[in-house]
Undergrad: 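Before I ask anything, here is the structure I am working with.
What you see below is based on every heavy atom in this structure, not just the backbone, and it leaves out hydrogens, waters and symmetry mates. Both counts, for ligands and for their atoms, begin at 1 and track the order of listing. If you read the sequence from its start, that first residue is 1, and numbering goes on from there.
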Amino acid sequence: MKTFKINEKIYKYRFGHPLATEIVWDSGEEILKSEIDYFQKVTDEKLRLIFKMEPDDIVWGLGENQKGMNKRGGVYLSYCSDDPNHTPDKKSLYGAHNFILIDGKTKFGVFIDYPGKVVFDIGNGHKEIIEIIVDTLDVDVYMIRGNQPREIIHEFLQLIGEGYAPPKWAFGYQQSRWSYPDQEAIDEVADALIKHDIPCDAIYLDIDYMKDFKDFTINTERFPQFKDFVYAMKEKGFRLVPIIDAGVKIEEGYEVYEEGVEKGHFCLDGEGNPFVAAVWPGKVHFPDFLSPKVRRWFGLKYKEMIEYGIDGFWNDMNEPAIFYTNRGLKAAIEKAKASENKNLDIYSFFSLKDVFVQMSNALEDYQSFYHNLNGKLVNHHTVHNLYGYNMTRAAAEGFSVIDPNKRFLLFSRASCIGAHRYGGVWTGDNHSWWEHLLLNLKMMPSLNMCGFLYVGADTGGFSGDCHAQLMIRWIQLSLFTPLFRNHSAMGTRRQEPYAYDQESTGIIREMIRLRYAIVPYLYAEYMKALMAKDVYFSPLAFTYQDGMSRSVEDQLLVGESIMITPIYQENALGRYVWLPEDMLLWTVDRYQERKLKVMKMGHHYIDVPLNQVPIFIRKSKLLILGTHGRNMDSIDGSEISIIGFIEDHASYIYYEDDGETKAYLKGKYTKIFINVYRKNDDLDIQVRLTGKTKIKKMHFYIVDMEGNMIQRIKILNESK
Ligand code: GLC
């Protein structure tokens, strides 16, 4: 083992000769130190790290994963998996995020920089033991110190580099389904949203827009004039967001396939031929995204779509998902033939059934293909988790050549830490289950801790039928997630906002309007978190030290001013909440109204009728609200409202930028420092700007500890 000091707080322990994952760039300085901190190290053919927890230790992290925000009690396997049936016993989801943070008397973070299998047993095998088993002896392990969880996360985010900023329109509501297969279907959705007066920024194109599921092609029977259609939709107020899949169809005459074969851009099988697997189009090759050359080639393929007027993409099936390979299919058919006319008992029947079920995403297949890393063949299985990351990277690197200063919407299904620099993630194929609504809530802060800020789930659930009540409750969570997309699978009940009864549609309309109204706050918090290397969603324990706050698993802080307490149980018309301090409860059914109530620190049961969402505003903090429009572009942003809860002073730093370009990286943004002081029975409001703003008028609604509301208006004459 070699030890490298990255800085005062971060040490890297290098075992063997790990492959460069390019997740961390800073290689640090070698120092003399032969023992790893915190852990007992056991090495046989794998690296095993063992840590004994104290009873009160919390373990945060692991990004997109099962179980609680506190990971204690679970076994988690980092191995990006296409598993739509993620019941609680499943160990891996679509992402593999190898960062945990131990938060007890001892506090530190651990990042396992290994892209193959890693098992995190967090007090499952033995309730007090964390055991990390890495499938190799060649790995970099980082230990991050700090006094507080947030400080450790900050150091970690600093280590893994600048995160992804989407364009501001990507904070609008987005409508998706597998599939709106043609122009007419999309038009219908757009018209229905307009007719029902439901704000929306984007409509998604799932796999059917392509010709025979071939990447970067358009089915011209369904979209005869694609470019014109993209522009016509923009005129109507909707951006179209197409899907791009990892596998490239094997088909003579298909340019991407032919070029890929000719230039040797695909992953190889054991014989040195392009590896063949089957996904949507039937047989495909997988681009070798781990190679910079291939990334550049694939990344530039997005150009044509961008020239059609497309501003955003979602990258899918990039675990990579495999339906079957020749090997798997052959084994299954042989087994089926051998079973013909046999009297199958329990064992032989299930073994026949299993060979079909296990044909997809089989370990044997992942072990049978290779990446070409600088002339050296590397088995896919050992770098599996880098695949989705490098597909996202290919796209983002392509965008920065095609239109360097523009921010594109980009998110992916598979990912590992590092991918947060290039795009966001959605949490894959969930179900229309209340359990997955709660899981959605729990995954958000965990993903933030691993660098992913642009996150969200398929609102309403992908598989299964979503009824009105579940949709409304899910929207009441998603309206706080940066990615707010309603997506559902083929064959399921329609779940667009207007697909339900009139009353439900009315409630959904008000909730989506609330989302638009709250975007100024959400966007400011997002960009501030991004730039400060901080989280946007956090568990209460990051801010409050009391024992209760350390165990709350179903409330979140969103940015610095608010706490949310979503309803995630069927037919519940209220819930218990823990208030770690006095807070101001804003009960919203229409965001234009101010139903405000001071609530004392402690346990409460609050009523939450279906049409209302509770937002708790923290003491001495301010919440910024704008107005809704039919989409983000239609909102002029000249007036904002500020709701605050004040003892003697409340403050907020508002953030504004162009929302379109990367100019913010060069300091081109405005911060507005808002300070409200209590003075006798009045308020002293001070506003200081660092640059230009669209805001001309500010409406203040400030509530004191006794529940008295003072309203004031401030005109910004100084707006340049
Ligand atoms: C995958 C994606 C899902 C998409 C479907 C069809 O299951 O996760 O979002 O709709 O493929 O492309």
Undergrad: With heavy atoms only and a cut-off of under 4.0 Å, state how Trp426 meets ligand 1: side chain, backbone, both or neither.
TA: side chain
Undergrad: For ligand 1, find out whether one of its N or O atoms is nearer than 3.5 Å to an N or O atom of Asp316.
TA: yes
Undergrad: Considering only protein heavy atoms, which is closest to atom 12 (O) of ligand 1, and at what distance to one decimal place?
TA: Asp206 OD1, 2.5 Å
Undergrad: Go through the side-chain N and O atoms of Asp288 and Tyr370 and say whether any donor and acceptor fall under 3.5 Å apart.
TA: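 No, no side-chain donor-acceptor pair sits under 3.5 Å.
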Undergrad: Between Tyr500 and Met471 (side chain of the first, backbone of the second, donor and acceptor by atom type, cut-off under 3.5 Å), is there such a pair?
TA: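 Checking the backbone N and O of Met471 against the side chain of Tyr500, no donor-acceptor pair under 3.5 Å is found.
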Undergrad: To the nearest 0.1 Å, how far is atom 9 (O) of ligand 1 from its closest protein heavy atom, and which atom is that?
TA: His487 NE2, 3.0 Å
Undergrad: In the protein, what heavy atom is nearest to atom 7 (O) of ligand 1, and what distance, to one decimal place, separates them?
TA: Asp429 OD2, 2.6 Å
Undergrad: Atoms of ligand 1 less than 4.0 Å from Arg413 heavy atoms?
TA: 1 (C), 2 (C), 7 (O), 8 (O)
Undergrad: May I ask you to check whether over 12 heavy atoms, not counting those of Glu304, lie within 6.0 Å of atom CD?
TA: no
Undergrad: Would a 4.5 Å heavy-atom cut-off, applied to side chains only, mark Ile186 and Phe229 as touching?
TA: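 Yes, their side chains come closer than 4.5 Å.
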Undergrad: Give me the ring orientation class for Trp314 and His487: parallel if the planes are under 30° apart, tilted from 30 to 60°, perpendicular past 60°.
TA: perpendicular
Undergrad: How does Ile243 reach ligand 1, by side chain, by backbone, by both or by neither, if only non-hydrogen atoms under 4.0 Å count?
TA: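 The answer is the side chain.
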Undergrad: When you look for heavy atoms under 4.0 Å from ligand 1, do you find them on the side chain of Phe213, its backbone, both, or neither?
TA: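 Neither; nothing of Phe213 gets under 4.0 Å from ligand 1.
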Undergrad: State whether the side chain of Arg515 and the backbone N or O of Leu479 hold a donor-acceptor pair below 3.5 Å, judged by distance alone.
TA: yes
